[in-house]
Amino acid sequence: AGARGLFQLTPGTARALGLSLWPTDQRASPGRSARAAAVYLKNNYARFGDWPLALAAYNAGPGRVGRELRARGARDFAGIASHLPAETRLYVPKVLATVKVRTGVELGSE
């Protein structure tokens, strides 16, 4: 989907987060892209109120996650996981496990 940089931001998401793609693609700037990725994740958490859903939205897009929640009448990642791309189904538990191992913090529904 044209994602680029350390935080794999797509062109549309990068623009929405205030990053420039021309003449210099700011997705390649570690500092700028880290701040943009943090804002994106924070916005996803504010929308869904749940870290697994926020991570799924970071990977598959908040529109996709919202549509799947409505279509399935679900309220959590487990309720929509089988309807998300395989990449997202694997991404969410990997990130959650990495955070737990590295920090000891378990990010569940809060």
Side-chain angles (χ1 to χ4, degrees):
R4 181 166 183 221
L6 182 61
F7 297 95
Q8 290 295 289
L9 297 170
T10 62
T13 300
R15 281 190 214 95
L17 294 168
L19 295 178
S20 172
L21 304 181
W22 179 260
T24 303
D25 190 339
Q26 293 179 330
R27 294 177 297 168
S29 166
R32 288 180 189 264
S33 63
R35 284 186 290 280
V39 167
Y40 189 40
L41 192 55
K42 180 181 176 183
N43 291 346
N44 287 336
Y45 182 77
R47 178 174 176 178
F48 297 108
D50 178 87
W51 284 113
L53 289 174
L55 291 166
Y58 187 100
N59 188 262
R64 173 85 183 259
V65 169
R67 284 190 302 277
E68 293 297 345
L69 288 168
R70 284 189 300 280
R72 315 279 163 236
R75 301 179 76 180
D76 59 15
F77 177 71
I80 63 170
S82 64
H83 301 282
L84 294 171
E87 177 184 332
T88 305
R89 288 193 311 265
L90 296 172
Y91 174 81
V92 171
K94 282 180 186 177
V95 173
L96 293 173
T98 300
V99 170
K100 184 173 181 183
V101 167
R102 300 282 304 199
T103 68
V105 174
E106 194 163 339
L107 298 177
S109 301
E110 296 163 35

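Excluded from the calculations below are hydrogen atoms, water molecules and symmetry mates; all remaining heavy atoms, backbone and side chain alike, are included.
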Going only through I, L, V, M, F, W and Y residues with side-chain contacts under 4.5 Å, is there a path from L96 to V105? yes
Could you see if L6 belongs to whatever hydrophobic cluster contains L55? Use Ile, Leu, Val, Met, Phe, Trp, Tyr and a side-chain cutoff under 4.5 Å. yes
Quick one, [X] and [Y] - any side-chain contact, counting heavy atoms below 4.5 Å?
| X | Y | value |
| --- | --- | --- |
| F7 | P30 | no |
| D76 | P52 | no |
| S20 | R15 | no |
| P62 | R47 | yes |
| R4 | D25 | yes |
| R27 | P11 | yes |
| L41 | W51 | yes |

What is the minimum heavy-atom distance between [X] and [Y], and which atoms define it?
| X | Y | result |
| --- | --- | --- |
| A57 | F48 | CB-CE1, 3.6 Å |
| S33 | L9 | O-CD1, 4.1 Å |
| I80 | A74 | CG2-CB, 3.7 Å |
| R89 | L84 | NH1-O, 2.6 Å |
| L17 | V39 | CD2-CG1, 3.9 Å |

Rounded to the nearest 0.5 Å, what separation is found between the [atom1] atom of [X] and the [atom2] atom of [Y]?
| X | Y | atom1 | atom2 | result |
| --- | --- | --- | --- | --- |
| L69 | L53 | CG | CG | 5.5 Å |
| K100 | E106 | NZ | CD | 4.0 Å |
| T98 | L107 | OG1 | CG | 11.0 Å |
| R72 | S82 | CZ | OG | 7.0 Å |
| T88 | E68 | OG1 | CD | 10.5 Å |
| E87 | K94 | CD | NZ | 9.0 Å |

Name the orientation class of the two ring planes belonging to Y58 and Y91 (parallel below 30°, tilted from 30 to 60°, perpendicular beyond 60°). parallel
Could you tell me whether R75 atom CZ has more than 12 heavy atoms of other residues or ligands within 6.0 Å of it? no
